[in-house]
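First up is the structure itself, then whatever we jot down about it.
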Number of protein chains: 2
Amino acid sequence: MADITKQKVVEQLKGAGVSPSEQRIAVFSFLHQNHIHPTADTIYQRLSPDYPTLSKTTVYNTLKLLVAKCLIQVVAIEDGELRFDVNTDFHAHFKCRECLEIIDLFDIPELQCPMETQLIAESTQLNFYGICDQCKGKQEEQS
Amino acid sequence: MADITKQKVVEQLKGAGVSPSEQRIAVFSFLHQNHIHPTADTIYQRLSPDYPTLSKTTVYNTLKLLVAKCLIQVVAIEDGELRFDVNTDFHAHFKCRECLEIIDLFDIPELQCPMETQLIAESTQLNFYGICDQCKGKQEEQS
DNA sequence: TTAAAGATTTGTTATCATTACAATTTTCGG
DNA sequence: CCGAAAATTGTAATGATAACAAATCTTTAA
Ligand SMILES: [Mn+2]
Ligand SMILES: [Mn+2]
Ligand SMILES: [Zn+2]
Ligand SMILES: [Zn+2]
């Protein structure tokens, strides 16, 4: 589960000019260790037991800071909830409408706007929506 | 501006099993005549003068109904606001971070999930974010 | 060491889009 | 025309996020 040391996390924060507070390390580490594209609330819920004084505001502030420093990216795959991803390289996402899980799709090349539009994309989101294999399997069982 | 007759709008609604009330015709016509990917609130603001009794709830209800009947599509390009589009064919969108306008990009072929994932996408959203030509021009003037 | 300044965290309150709900109005078959 | 069903409306509730100011922690310089 721990695919990155606390040392590395602290180094990354310092490298981006972010002072590595206990809370920031916790949030950033959580994202490093759980590639589940969590919402701010999920992060808060999961960290609360280990950091009883943690405030939800701090989670929001930290996420905003990490995004501003390009240490994480926002995944806007569904309205009404922002999700966060330590992987800042371009990759697509698939959201299952049954289990709501978000699956990474790495084998799609980064897209550009058509030449003739003259538009330059600073960032791109490619989102697919459907039913994942697991949930499809369960549905077929029942019928 | 009026690129579609009221007759045609009514026919489309009936064809989808939606009774063509005054309000539904107004909302659907607005989307047909204004390809600006408006939010529910924008639609409400723009129709209010002509339909003084129109309720925002009706706008939301109507949009939800039109989406359910596949007469329009949701464009989830930014968190916290849903946008609506009469064009239900696949096409990408570019949102300018300066003027906030959303530009249609038609010349991109519909994408599929990579074969090996076995995933079937029921819908796809491809969103680009950057600065549009107009806003880029204005910025260069100043500098 | 110490105290002020600055940075960070926290709890509470505000905001804003959307939904839930119940009452009112409109439509339509008999 | 009458009453059921459908549609609309206004208001209240929800839920994610932001604003804000007070409290706490950290750093700096005397
Ligand atoms: Mn991802
Ligand atoms: Mn469009
Ligand atoms: Zn699933
Ligand atoms: Zn622009």
Side-chain angles (χ1 to χ4, degrees), chain A residues 9-10 13-14 16-30 37-69 71-84 95 100 102, chain B residues 9-10 13-14 16-30 36-69 71-85 95 100 102:
Chain A
V9 168
V10 170
L13 290 172
K14 282 185 182 169
V18 175
S19 38
S21 69
E22 195 72 1
Q23 292 88 336
R24 287 169 179 170
I25 294 170
V27 170
F28 197 27
S29 293
F30 182 85
H37 311 90
T39 62
D41 190 67
T42 299
I43 296 170
Y44 173 72
Q45 299 296 341
R46 297 277 298 270
L47 291 180
S48 268
D50 290 330
Y51 300 82
T53 72
L54 181 67
S55 151
K56 197 179 278 192
T57 298
T58 297
V59 175
Y60 277 107
N61 288 343
T62 300
L63 291 169
K64 181 170 285 190
L65 183 63
L66 296 180
V67 169
K69 299 296 184 179
L71 291 173
I72 64 175
Q73 71 161 308
V74 175
V75 178
I77 197 167
E78 198 76 50
D79 187 66
E81 57 170 34
L82 291 179
R83 289 165 166 274
F84 299 90
K95 179 162 183 179
L100 308 184
I102 292 176
Chain B
V9 168
V10 170
L13 290 172
K14 283 185 182 169
V18 175
S19 38
S21 68
E22 196 72 3
Q23 294 87 338
R24 287 169 179 170
I25 294 170
V27 169
F28 197 27
S29 292
F30 181 85
I36 57 176
H37 311 92
T39 62
D41 190 67
T42 299
I43 296 170
Y44 173 71
Q45 299 297 341
R46 297 278 299 271
L47 290 181
S48 268
D50 290 330
Y51 300 83
T53 72
L54 182 65
S55 151
K56 198 179 277 191
T57 298
T58 297
V59 175
Y60 277 106
N61 288 344
T62 299
L63 291 169
K64 181 170 284 192
L65 182 63
L66 296 179
V67 169
K69 299 296 185 180
L71 292 173
I72 63 175
Q73 72 161 309
V74 176
V75 178
I77 197 168
E78 199 76 50
D79 188 66
E81 56 169 36
L82 292 179
R83 288 164 167 276
F84 300 89
D85 195 336
K95 178 163 184 179
L100 309 183
I102 291 175

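Letters A, B, ... mirror the listed sequences (proteins, then strands); counts begin at 1.
Rounded to an integer number of Å, the gap from CG of A:Asp79 to P of D:dT14 is 19 Å. Taking atom NZ of B:Lys64 as the reference point, atom C1' of D:dT8 lies 16 Å away to the nearest angstrom. For the pair A:Tyr44 OH and C:dG11 C1', the interatomic distance rounds to 10 Å; values are reported in whole Å. Atoms CG (B:Leu47) and C1' (D:dT9) sit 16 Å apart, rounded to a whole Å. Here the C1' atom of nucleotide D:dA16 and the CD atom of A:Gln45 are 13 Å apart, to the nearest Å. C:dC16 atom P lies 16 Å from atom CD of B:Glu78, rounded to whole Å. Per the geometry, CG belonging to B:Asp41 stands 6 Å off P belonging to C:dA17, to the nearest Å. Note: OH (A:Tyr60) to C1' (C:dT12) measures 15 Å, nearest angstrom.
A:Arg83 contributes no side-chain N or O that, together with a main-chain N or O of A:Thr39, makes up a donor-acceptor pair within less than 3.5 Å. Using a distance-only test at 3.5 Å, with no hydrogens or angles considered, no donor-acceptor pair links the side chain of B:Asp79 to the main chain of A:Asp79.
For the segment residues 48-57 of chain A, the set of residues with a heavy atom within less than 4.0 Å of an atom of DNA chain D comprises A:Thr57, in numerical order.
Between the NE2 atom in B:His37 and the CG atom in B:Leu100 there is a gap of 14.0 Å [rounded to 0.5 Å].
Looking at A:Leu63, A:Val59, A:Leu65, A:Thr57 one by one, the single match for side chain to side chain contact (heavy atoms under 4.5 Å, CB included) with A:Asn61 turns out to be A:Thr57.
Nucleic acid contact class of A:Asn61 (heavy atoms, under 4.0 Å, all strands): base.
Taking 4.5 Å as the limit, every side-chain heavy atom of B:Phe84 sits out of range of all side-chain heavy atoms of B:Val75.
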> Using a cut-off of 4.0 Å between protein heavy atoms and nucleotide atoms, how would you tag nucleotides 2-7 of chain D 5' to 3' with B, S and -?
Replying inline: -----S
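Judged purely by distance below 3.5 Å, without hydrogens or angles, the side chains of B:Thr58 and B:Arg24 never pair a donor atom with an acceptor atom.
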